[in-house]
Amino acid sequence: METITTNKLTYIKDLEAFVGQKVTLKGWLANKRSGKGIAFLILRDGSGFCQCVVTESDVDEESFENAKSLTLESAFEIEGNVVRDEKQMGGFELQATKLRTISIAEEYPIAKKEHGVDFLMDRRHLWLRSRKQWALSKIRNTVIFSIHQFFQERDFVQMDAPIFTGNACEGTTTLFETDFFGDTAYLSQSGQLYGEAMAMAQGLIYTFGPTFRAEKSKTRRHLAEFWMIEPEMAFYDLDMDMDMIEEFIKYVIKSVLDKNKDELEILERDTTSLQKVANTFPRLTYEKAVRIIKGEEDINGKNSITTLEEDLKEVLEKIETTNKDISERETRIEAGGMKKGEVNFNLNKIGKLKAEVKEFESLAENIPQWIESAKNFEFGGDFGGSDETVLTRLFDTPVMVYKWPAAIKAFYMKEDEEDPNFVKGVDLLAPEGFGEIVGGGERETSKELLVKKIKEHDLPMEAFEWYLDLRRFGSVPHAGFGLGLERLVGWICNIHHIRETIPFPRVMGRLLP
RNA sequence: UCCUCCUUAGCUCAGUUGGUUAGAGCGGCUGACUGUUAAUCAGUAGGUCCCUGGUUCGAGUCCAGGAGGGGGAGCCA
């Protein structure tokens with residue numbers, strides 16, 4: 001097959017520099033519309049999307065035949081002139097002069113239509129090509145890059161914790177078991193303890209690696225395999241740790257706002273809430289947070305319980321108006337006299353509205369339960385998903401909750417000087433119902449206290465001898481935290497299902513693709 | 001492990017108190033159309049109603065059991 005000879009490949013993202021010039025693009029057909037003597041091809045090349053116009057009178061016969069025969073996701077190369085067109089996403093269009101087919105795709109399973117999640121997850125390897133998934137991947141990349149940038153600018157050393165570990169280190173969660181030359185090894189649930197060892201060598205370190213949890217969780221915020229970033233800082237206390245968390249989150253969000261305007265637009269992300277991250281994050285003690293959740297204390301003039309009750313009323317109203325809208329459209333279709341296109345439009349709209357009603361209805365069912373659970377929250381317990389929502393609903397920035405009951409936190413958290421029932425841990429809760437994205441705190445420095453807590457938690461002492469060495473040899477105050485990459489990306493992109501934030505999610509029942 | 005919802009065409013779904021030959025839109029294919037933005041318009045093909053058993057003159061619809069999936073609880077990033 002004849003190809004277009006070219007010395008240099010141009011990418012869609014760079015088209016601005018080529019306005020008025022002839023370029024060659026290579027990519028895949030994302031969508032096609034055609035009329036007599038004209039075809040509109042939406043080309044995607046990985047760097048972006050671009051409409052290419054192939055007009056019969058402007059190209060050779062073979063090129064036009066090629067354009068007509070392209071199926072969805074066929075690969076081709078196209079030569080043409082770059083023109084500015086404000087109507088296009090990205091602002092440019094290619095007016096083709098030549099088109100050569102690279103490969104013709106079989107019938108593509110992902111249609112220009114809504115699909116169910118299971119169908120899409122079975123075809124995740126193809127779904128990644130779709131516009132939203134493409135935008136998500138670009139933003140995930142920005143997040144990863146700016147995380148490295150943030151720590152590298154501050155002279156942190158990236159060091160890696162092992163993935164195979166010999167003990168179920170924190171003893172709290174279910175881990176994946178695997179055979180390690182005859183010994184039982186577990187897949188790491190956290191690089192935390194190793195991070196501390198590395199911080200005692202380098203001062204400031206961070207790990208960036210995969211983490212595994214074997215809990216049989218089937219919720220939209222859990223993965224069995226996810227990526228975690230865990231900085232650890234020698235000579236840092238809890239306050240310095242919280243300062244670092246806040247500065248870090250602000251930095252990453254700003255990078256995305258600066259670099260990914262188009263991608264956020266594709267995702268229809270309202271960025272005003274992201275911009276509010278520039279404000280100071282409230283820092284609440286666990287005790288105060290509990291009072292707020294239970295509605296015993298107002299915050300910013302808002303009460304948790306009455307706010308939820310208002311939310312419920314609003315949701316019920318939305319259900320009513322949406323249902324009314326649906327029946328009005330149905331009546332108009334039944335009345336007849338409507339053009340077919342208009343009927344289709346209304347049928348599709350009705351489908352969407354019905355899905356919305358279902359969402360609202362499950363909310364309407366959940367909110368009363370949230371209210372009950374918030375009212376009856378028992379001091380000393382951990383926050384459930386709904387409690388986090390109830391609390392963060394009252395703020396428009398992420399919220400830090402610190403000074404947690406010792407009983408519900410890991411053994412290595414530093415005991416509070418004022419009250420040994422509490423530890424100097426901190427959680428960062430993202431707004432808009434995204435929940436906990438960071439967990440961290442100051443670490444216990446006293447060897448004696450650690451020994452006591454390891455016993456209390458019923459953990460095997462011999463597995464922690466090396467860890468206790470860190471207290472035997474030059475113990476210093478230190479702190480750190482763990483950030484869940486996928487949860488952060490989910491919040492930034494306003495994607496409520498975490499499985500879309502990682503290329504190939506591993507959740508219960510999903511090993512392929 | 002528990003609670004809850006779902007399974008009908010390639011996809012998204014409708015299918016009334018159980019009743020003849022199971023429907024729509026999208027996608028596919030054929031054709032029309034010179035600027036489309038999920039293009040539009042006409043035509044056309046496409047079904048193991050998740051599986052097993054039961055009730056019934058008759059089951060996509062009712063009952064029992066099973067399988068698969070969604071959402072949530074617990075646990076957490």
Side-chain angles (χ1 to χ4, degrees), chain A residues 30-42 49 51 53-58 71-72 85 87-89 93 95 106-123 131 170 172-174 189-190 192 211-230 330 333 339-352 354-355 358-359 361-362 365-366 369 373 381-386 388 408-410 427-430 434-440 481-491 496-498 507-510:
Chain A
N31 196 8
K32 178 169 94 167
R33 293 173 287 273
S34 59
K36 186 174 183 175
I38 193 163
F40 302 94
L41 311 175
I42 308 299
F49 293 80
Q51 173 163 284
V53 188
V54 187
T55 312
E56 194 166 17
S57 52
D58 293 350
T71 53
L72 225 55
D85 182 356
K87 278 182 293 183
Q88 303 303 327
M89 178 90 202
E93 176 178 276
Q95 288 179 342
E106 294 173 24
E107 188 183 329
Y108 194 60
I110 300 178
K112 302 180 281 186
K113 194 50 183 118
E114 281 175 52
H115 293 281
V117 198
D118 203 45
F119 177 84
L120 291 168
M121 278 318 315
D122 281 341
R123 291 154 188 81
R131 215 177 259 259
E170 293 174 27
T172 47
T173 49
T174 321
Q189 62 159 325
S190 162
Q192 154 79 50
T211 305
F212 308 89
R213 305 276 164 94
E215 265 112 19
K216 293 187 173 175
S217 288
K218 283 178 79 172
T219 78
R220 52 179 93 183
R221 44 176 207 289
H222 287 91
L223 291 168
E225 175 185 289
F226 64 98
W227 288 74
M228 191 150 71
I229 294 89
E230 295 181 282
E330 279 171 344
I333 292 171
K339 282 179 84 175
K340 200 178 167 194
E342 205 180 342
V343 172
N344 289 346
F345 174 82
N346 278 297
L347 282 174
N348 287 328
K349 187 80 189 175
I350 287 169
K352 270 188 189 173
K354 279 187 179 172
K358 271 187 191 168
E359 276 284 310
E361 278 171 349
S362 75
E365 254 175 63
N366 285 332
Q369 288 172 27
S373 142
D382 208 347
F383 295 166
S386 75
E388 289 177 354
I408 54 168
K409 288 288 181 187
D427 282 359
L428 181 76
L429 308 176
F434 285 92
E436 185 180 348
I437 53 173
V438 170
F481 61 89
L483 167 86
L485 176 66
E486 286 76 18
R487 284 196 184 167
L488 176 62
V489 172
W491 167 45
H496 276 271
H497 210 307
I498 197 166
V507 297
M508 218 204 335
R510 170 71 59 189

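Each chain gets a letter, A, B and so on, in the order the sequences are listed, and its residues count up from 1.
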Is the ring of A:Phe226 stacked on the base of B:rA77, with centres less than 5.5 Å apart and planes under 30° off?
yes
Looking at every heavy atom in both A:His222 and A:Val507, which two are closest together, and how far apart are they?
O-CG1, 3.9 Å
Does A:Asp85 reach a base, just sugar-phosphate, or nothing at all? Heavy atoms under 4.0 Å.
base
Look at A:Asn31 and B:rU36 and indicate whether a side-chain polar atom (N or O) is within less than 4.0 Å of OP1 or OP2.
no
Closest-nucleotide ordering on RNA chain B, the 5'-leading residue of A:Gly384 and A:Leu483:
A:Gly384
With C1' as the reference atom in both, quote the distance from B:rU17 to B:rC13 in angstrom, rounded to an integer.
23 Å
Report yes if a donor N or O on one partner sits less than 3.5 Å from an acceptor N or O on the other, where the partners are the side chain of A:Thr55 and the base of B:rG35; otherwise report no.
no
Is there a Watson-Crick or G-U wobble partner for B:rG71 with both distances under 3.5 Å, and if so, which one is it?
B:rC3
Sticking with atom P, work out how far B:rG54 lies from B:rU16, rounded to a whole angstrom.
25 Å
What's the gap between B:rC57 and B:rA42 when it is taken at their C1' atoms, as a whole Å value?
44 Å
Whole-angstrom distance between B:rU44 and B:rA9, as gauged at atom C1':
15 Å
Can you tell me how far C1' of B:rG68 sits from CZ of A:Arg510, to the nearest Å?
12 Å
Gap between atoms CZ and P, on A:Arg487 and B:rC76 respectively (whole Å)
11 Å
Give the rounded distance in Å between these two atoms: CD1 of A:Ile38 and C1' of B:rA32.
16 Å
Audit row: A:Trp227, A:Glu486, side chain to side chain contact (heavy atoms under 4.5 Å, CB included) steps and yes/no:
CA-CA 7 Å; A:Trp227 288 74; A:Glu486 286 76 18; 3.4 Å; yes
Checking A:Arg510 against A:Asp118 for the salt bridge (charged side-chain N to carboxylate O under 4.0 Å, His left out) test, could you report, in this order, the C-alpha distance in whole Å, the side-chain angles of both residues, the deciding distance, and whether it holds?
CA-CA 10 Å; A:Arg510 170 71 59 189; A:Asp118 203 45; 3.4 Å; yes
Looking only at atom C1', what distance separates B:rA67 and B:rG46, rounded to whole Å?
27 Å
Given that A:Leu223 and A:Val507 both sit by RNA chain B, which one's nearest nucleotide is further toward the 5' end?
A:Val507
To the side chain of A:Met228, which of B:rC75, B:rA77, B:rU12 is closest?
B:rA77
Compare the minimum distances between each of B:rU36, B:rA77, B:rC11 and the side chain of A:Phe40, then state the nucleotide with the smallest one.
B:rU36
With rounding to the closest Å, how many angstrom separate the C1' atoms on B:rC49 and B:rC29?
26 Å
Whole angstrom is fine here: how far is it from CG in A:Asp427 over to C1' in B:rC76?
10 Å
Take the protein atom CG of A:Leu41 and the nucleotide atom C1' of B:rA39, then report the distance between them rounded to whole Å.
14 Å
Between the side-chain atoms of A:Glu56 and the base atoms of B:rU34, is any donor-acceptor pair under 3.5 Å?
no
So, is A:Lys218 close to the B:rG70 phosphate, meaning a side-chain N or O under 4.0 Å from OP1 or OP2?
yes
Contact class for A:Gln369 vs. all strands (heavy atom < 4.0 Å): base, sugar-phosphate, or nothing?
nothing
Nucleotide nearest A:Asp382 when distance is taken to its side chain, options B:rG74, B:rC76, B:rA77
B:rC76
Answer with base, sugar-phosphate or nothing: what part of the nucleic acid does A:Arg220 contact at a heavy-atom distance below 4.0 Å?
sugar-phosphate
Would A:Met508 and A:Lys218 count as a side chain to side chain contact (heavy atoms under 4.5 Å, CB included) here? Give the steps.
CA-CA 7 Å; A:Met508 218 204 335; A:Lys218 283 178 79 172; 3.4 Å; yes
Please report the distance, rounded to the nearest Å, between CE in A:Met121 and C1' in B:rG71.
16 Å
Can you tell me, in whole Å, how much space there is between the P of B:rC51 and that of B:rA59?
15 Å
Let's test this: given Watson-Crick or G-U wobble pairing with both distances under 3.5 Å, identify the partner of B:rG46.
none
Quick check: closest heavy atoms across A:Glu230 and A:Ser190, and the distance to 0.1 Å?
OE2-OG, 3.1 Å
Could one point to a donor on the side chain of A:Glu106 or the base of B:rG28 with an acceptor on the other under 3.5 Å away?
no
Nearest-Å distance once atom P is located in both B:rG58 and B:rG18:
16 Å
I'd like to know if A:Arg33 reaches the base of B:rC33 with its side chain such that a donor and an acceptor end up less than 3.5 angstrom apart.
no
Atom pair distance, as rounded to whole Å: CE in A:Met508 and C1' in B:rA73:
13 Å
A:Val438 and A:Phe481: which non-hydrogen atoms are nearest, and at how many Å?
CG1-CD1, 3.7 Å
A:Ile437 and its side-chain contact (heavy atoms from CB on, under 4.5 Å) partner, picked from A:Leu428, A:Asp427, A:Leu485:
A:Leu428
OP1 or OP2 of B:rA73 versus the side-chain N and O atoms of A:Arg221: is any pair under 4.0 Å?
yes
For A:Glu93, answer base if it contacts any base atom (sugar-phosphate contacts may also be present), sugar-phosphate if it contacts only those atoms, and nothing otherwise; contact means non-hydrogen atoms under 4.0 Å.
base
How about A:Gln369 and A:Ser386: does a side-chain donor come under 3.5 Å of a side-chain acceptor?
no
Just checking A:His496: base, sugar-phosphate only, or nothing, at a heavy-atom cut-off of under 4.0 Å?
nothing
Determine the contact category for A:Gly37: base if any of its heavy atoms lies under 4.0 Å from a base atom, sugar-phosphate if only primed atoms, P, OP1 or OP2 are that close, otherwise nothing.
nothing
Side-chain contact check for A:His497: nearest option of B:rG71, B:rA77, B:rU12 is B:rG71
Derivation and outcome, side chain to side chain contact (heavy atoms under 4.5 Å, CB included), residues A:Phe434 and A:Arg221:
CA-CA 8 Å; A:Phe434 285 92; A:Arg221 44 176 207 289; over 6 Å; no
Any strand counts, and the cut-off is 3.5 Å on both contacts for Watson-Crick or G-U wobble. Which nucleotide pairs with B:rG65?
B:rC51
Considering only B:rU12, B:rG35, B:rC76, which nucleotide approaches the side chain of A:Gln95 most closely?
B:rG35
For a quick check of understanding: with a heavy-atom distance under 4.0 Å over all strands, which category does A:Ile498 fall into, base, sugar-phosphate or nothing?
base
Without decimals, in angstroms, what is the distance between A:Asp118 CG and B:rU7 P?
14 Å
